[in-house]
Amino acid sequence: MNCVWAADEDVTPAHLNFAAQEVGNYEFVHYSSTGSNPATPYPTENLKEGGTVVLTGGQVKNDNASVAGFNKGCHIVSSDYGNMLLIKGNGSTEEPDLTAGDALGGYVNLNMFTTTDFPVNTPVRFQFVSKVVGGITSDYKVAIYNFGGSNSNIPLPETTTYSSIDTKWWPVIKDLNISTVVGDDQIPLRIKYSIPAAHANGRALYIATIKFTANPSDECPEFSPVFDGWDTPDGSPATAIESVEATHGFVAWDSQNIYLNEMEMGTPVYIYSLTGALVKTVEVTDSFMEVPMNQGAYIVKYGNKTSKVVL
């Protein structure tokens, strides 16, 4: 397919544009026992025309059990920065009203395909922004291959998306090596996102952005060696968040509780996850209140004050 692509044109496949999808369940639709590309009876032409997501890995064993069990924890959720994908692993306490996936002990690969109308012979920039809630011991990684799956001259070599030292939103922004993508036989591309062994449990994974931009007009950003991530999913400056000690009260916390101190009676206190989901609402009924919470990071709002707490 030969097309003329405008500068900075968003060419992200619809099934990977989480911001445009409605809040609710998200399904990874196929399992492959033969590697990354779906095995028969899933028609190759359907994959190439419509795009899809294929699960593989040590603990993804069959369509009915493993894929359905993983899908239980997959949700499109809203936030102050738009809708995004949440993969809630078994045992995670993130977004308590949402279901978690079944327990998986091994690694999981998400193979996310583009479609046949993806640009060829055109500069394309890839952006992937994610965050993991819960301690991790191995790196999460992403790579992009052409449809043939060649391991040489691939569009994007394997790149770490999140490591054990990361605590913020982490962006991967790369200009793809498309020198080998010369025709429709190389399209769709396959994004391979790798969740390390046992890391599908006890953790919540947010993918805020998967984006492809044709003919980018600016230079690809290079991050400083001391760069420690983004405070927000889109890289915009974070709203000033600090503990406040004033006439209207203040927030304190330890590893188990959030403490509400000297606030006006009847004040509603809203506790959010870092993605903006409301976790709990409390009405102030005493000059000192103890609010038990699961370990994690939260935003506490009361009146015109906001505090960030980490339990």
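Just so it is clear, the values below take in all heavy atoms, side chains as well, and ignore hydrogens, waters and symmetry mates.
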Should [X] and [Y] count as side-chain neighbours, where that means a heavy-atom distance under 4.5 Å?
X    : Y    : result
E27  : C74  : no
V124 : F126 : no
T232 : Y81  : yes
L205 : L86  : no
I207 : M84  : no
V279 : Y270 : no

Identify whether NZ of Lys or CZ of Arg in K131 sits under 6.0 Å from the centre of the six-membered ring of Y162 and within 45° of that ring's axis. no

Q21: which of I76, N83, L85 passes side chain to side chain contact (heavy atoms under 4.5 Å, CB included): I76

Report the residue from I258, D254, N257, I271 that forms a side chain to side chain contact (heavy atoms under 4.5 Å, CB included) with V309. I258

For the residue pair N109 and S194, confirm or rule out a side-chain donor-acceptor distance under 3.5 Å. yes

Any side-chain donor near an acceptor of the partner, S163 and D139, under 3.5 Å: no

Supply the atom-to-atom distance [X] [atom1] to [Y] [atom2], rounded to the nearest 0.5 angstrom.
X    : Y    : atom1 : atom2 : answer
N261 : M289 : CG    : CE    : 11.0 Å
W5   : D117 : CH2   : CG    : 5.5 Å
L189 : L176 : CG    : CG    : 7.0 Å
R190 : F113 : CZ    : CZ    : 5.5 Å
S130 : Y206 : OG    : OH    : 12.5 Å
I210 : H15  : CD1   : NE2   : 8.5 Å

Could you report the tightest heavy-atom contact between [X] and [Y], atom names first, then the distance?
X    : Y    : value
T93  : Q295 : OG1-O, 4.2 Å
S164 : I136 : CB-O, 3.3 Å
A100 : G91  : CB-N, 4.5 Å
P233 : V129 : O-CG1, 3.4 Å
S273 : E95  : OG-OE2, 3.9 Å

Counting N and O atoms only, with roles assigned by atom type, does the side chain of [X] sit under 3.5 Å from a partner on the main chain of [Y], one being a donor and the other an acceptor?
X    : Y    : answer
T267 : E264 : yes
D234 : S236 : yes
T159 : P157 : yes
T213 : P216 : no
H75  : T99  : yes
D228 : D166 : no

Taking the six-membered ring for Trp, are [X] and [Y] closer than 6.0 Å centroid to centroid?
X    : Y    : answer
Y259 : F288 : yes
W170 : F227 : yes
F212 : F118 : yes

Got a salt bridge between D218 and R125, using NZ or NE/NH1/NH2 to carboxylate O under 4.0 Å? yes

Does the pair E94/K88 count as a salt bridge with the N-to-O cut at 4.0 Å? no

Membership question, hydrophobic clusters at under 4.5 Å side-chain separation (ILVMFWY): are Y140 and F223 in the same one? yes

Check the pair V269 / L260 against side chain to side chain contact (heavy atoms under 4.5 Å, CB included), numbers first and verdict last. CA-CA 9 Å; V269 179; L260 311 180; 3.9 Å; yes

L16 vs I191, test: side chain to side chain contact (heavy atoms under 4.5 Å, CB included). Steps then yes/no. CA-CA 11 Å; L16 299 179; I191 308 169; 3.9 Å; yes

Does NZ in K211 sit with more than 12 non-hydrogen atoms of other residues, nucleotides or ligands closer than 6.0 Å? no

K280/V291 under side chain to side chain contact (heavy atoms under 4.5 Å, CB included): CA gap, chis, key distance, verdict: CA-CA 10 Å; K280 185 175 292 188; V291 183; 3.9 Å; yes

Candidate pair L311 and Y298, rule side chain to side chain contact (heavy atoms under 4.5 Å, CB included), full reasoning: CA-CA 8 Å; L311 278 62; Y298 300 96; 4.2 Å; yes

